[in-house]
Amino acid sequence: MTLASRDLSLAERVVITGVGSLSPVGLTAATSFEALIAGHSGIDRLEFELPAGMRVRVGGKVHLPSATSESEPTSRLARLTRLAVREALQDAAFMSAGYEPERVAAVVGVSMGSADLLPTWVAETPPAPELLPRRDLLHQLLGDQALDLVASEAKASGPALCVSSACASSTHAIGEAFDLIRSGVVDAAVTGGVEAALSPWGLAIFERIGALSTVDIEPSRASRPFDRLRDGFVMSEGATILTLERYSTALARGARIYAELAGFGCSADAFQITRPREDAQGMADAMRAALADAGVDPSEVGHVNAHGTGTPYNDLAETKAIKDVFGAHSQRLVVNSVKSMVGHMLGAAGAFECMTTAFTLRSGLVPPTINLDEPDEACDLDYVPHVARRVDLKLAISNSFGFGGQNGVLVLRHSN
Amino acid sequence: MLQNPVAITGAGVVSPIGCDLDACFELLLRGESGLPRVAAQAPRPRSAVGGLALDFDGDACVGIKEARRTARFTQFAVQAARDARRMGGLEPGVCPAERIATVIGTVFGGLDLAVRSVEDFNIGGTRRVSPYALPAFTNNMAAGYVAIDLGARGPSYGVGAAWASSAVAIARAASLLLRGAADVAFAGGSDALDGGSASALLGECGEFTARHDQPNFAYRPFDRRATGAAASEGAAILLLERLDHAERRGAEVLATLAGAGATYASTRNSTPAERVSASARAVRAALESAGVGPEAVGTISAYGSGDLEADALEIEALQTVFGARAAEIQVSTSKPVSGHLLGAASAFEAAMAIWSLRRGEVPPISNLDAPAVNGFDYVRGQRRASAARYALVNTFSANGHNVALLFGKGPVNS
């Protein structure tokens, strides 16, 4: 139904022109990527006092400096969002690009809302009657505030929405923004994902479903995607915002182009809430849909930025899905999981990984999957173990597979 | 936002005025409000007035075991989606599973379950927390559960745009269909109020009435004595498909989604004039995407916030678009009767507008004794006959979101 993206006019093609990011390994996009290439882990012992019985010990925290002024937002989610969007807008020189506000969309992936504030609010039951009503509390708690910050900073007055698909939220968000531009509704978008759920309660609800790594091990070694000894993901927090523009506009205004967004595909497992289909067909369907949307053959893809959470189920299923989609070519792919270094940022993961994939295409440097000491025997692809690698790449995909079986895959192309 | 019309071939609702669309529309035509008080159950002061979906039986819908493990907003969505599927004749096998999409908006998700898990954690640590808490409460789970229930393996995700969530979901689902990512889509919204957390937050946000003494009369959109909105819970799901797909499989086209427009003007830093302009632009974008002018619109399902200032800004925005024609356009809204269904509100209003187009009748606006601002033909007191070919369904200034959906009368008159 759609033309292969390379056959579209430059006005109909979409590129990434700016990035802002905060992660456990850096407070800017560039520093995070440098850390990834160096194989540094941002996983540390948790600082919280955890109740007896909790087994999780590690997490990936953003080393946010203390708030310096009263004008800073009070929720962690909001602070991360504001810093990321400002960095992205500056990186792209977006505000001087001359966009009409109604031709700019804002689309943000959030999975848990302001999970850091929910326990605080619950503890207030009942609030003192003399407290003034707080008009914005609802939107702050539910995560809308992040969208408002992004739209306000970018002066975006076109369509705006939050997207949630659990761990795939920001991949779906970027995909929606991509679609809004190429379908002609807007000319540019500010998009990405944010998450700040690293709190005792936030960790407890994931530990309770058996999703987290709880083995007693040095923190930097706990996140072990595709490794035989993996036992779950390491939860982290972060925010990544990207600016998307038409290829023709970006060229005309001399914007830096990180990579082209060539395709987006999604699917649902429609199976179980916390486990992927064992036949991995949902994941495979999403990859195929993305490749078809981009109009590329699987054999043209060089790199897969895997969802790679480090849970026993995901890594097995994802490997199977990659082999199903790519056949013999899967052995020639370079596959990695940056979650081995930054952990799983939940709703913010997809955007961080889209950024990493774009930087990989542009620089030719593929971050490693660290802690891959002994791959699971069913995980037999080239996961770039331990050390970053220089690879000439034209096309890459970034996978995100969320709880609830909601899968999203982006295809990125080197922009030369 | 659309290049071509998309067909609506099914619809399903869960609401305080019932779970049967024909019956809901009848109540609307008769102007009978059905808002039992919800405030009495709320644990916090200043909680909102509103309606509960008392007809809804979660045990019957998803089974006793699943009802204990899932959030009510997902159960509502499952029932409404099943009804939409049945109405659209989309039995299993009619459409390949991977071509069925689910895009469902919500505001609160399973907030009560999340709150309960916080309380459980505070009392007894991790072991006390239900293992079903997290999988149940996140905002993607209405779409996620509907996908599982229907075996829908196409694109699936949740949408958040405050009270415009379901309108945005419908517009995005239509876009998805038009680019060929799926052949049919279940789109709409769902929100539940039972545990009190949502009501407490609504009571604090300033848009919802605290007139607990008069629940049926407190919500008075466009009236001089407006006191705020009354919150309700429920779900509304539409079954959408490309027109050619509907025609090929012989499905009855209930209405078409001819156009959609969406804009954003932050309530935190926009002037009233900017808000009016953004609302008007959403309407113009919907008309442009449908390829029609303002003269095509016969009826408007207004947002009807029930707040004096917001209502006035809505009328001003509509007057900007419709100008001198305004006096000829019939304006109605279902919200005083059903309550404001939050993340499902726009889709519920859309379902009522579709029924209105099919039946050629426009319901009155309940509780509208004395309009605060004139200019439009408010339908008051009694139902009215209508020859409208296009109905506009608006969600304005929903925490900054403005979404306009333009529905066209279906080719077959039922």
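In what follows, every chain begins at residue 1, and chains take the letters A, B, ... in the order their sequences are listed.
In this structure, the portions of A/F403 lying under 4.5 Å from any heavy atom of chain B include both its backbone and its side chain. For B/V107, the parts sitting under 4.5 Å from any heavy atom of chain A are the backbone and the side chain alike. Looking at A/P200, both its backbone and its side chain come within 4.5 Å of chain B, counting heavy atoms on both sides. For A/M112, the part sitting under 4.5 Å from any heavy atom of chain B is the side chain, from C-beta outward, and nothing else. In this structure, the portion of A/D285 lying under 4.5 Å from any heavy atom of chain B is its side chain and not its backbone. There is no contact between A/L50 and chain B, counting heavy-atom distances below 4.5 Å. Heavy atoms of A/R277 lying under 4.5 Å from chain B belong exclusively to its side chain. When heavy atoms are compared at a cutoff of 4.5 Å, B/I100 does not approach chain A at all. In this structure, chain B has a heavy atom under 4.5 Å from the backbone of A/Q272, while its side chain stays farther away. Residue contact with chain A, scored on non-hydrogen atoms closer than 4.5 Å, involves the side chain of B/F137 exclusively.
Ion pairing between A/R208 and B/D120 fails under the 4.0 Å rule for side-chain N and carboxylate O.
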Report task. Could you go through the side chain to side chain donor-acceptor pair (under 3.5 Å) check for A/E102 and B/T263 one step at a time? Result -> CA-CA 7 Å; A/E102 62 255 32; B/T263 61; over 6 Å; no
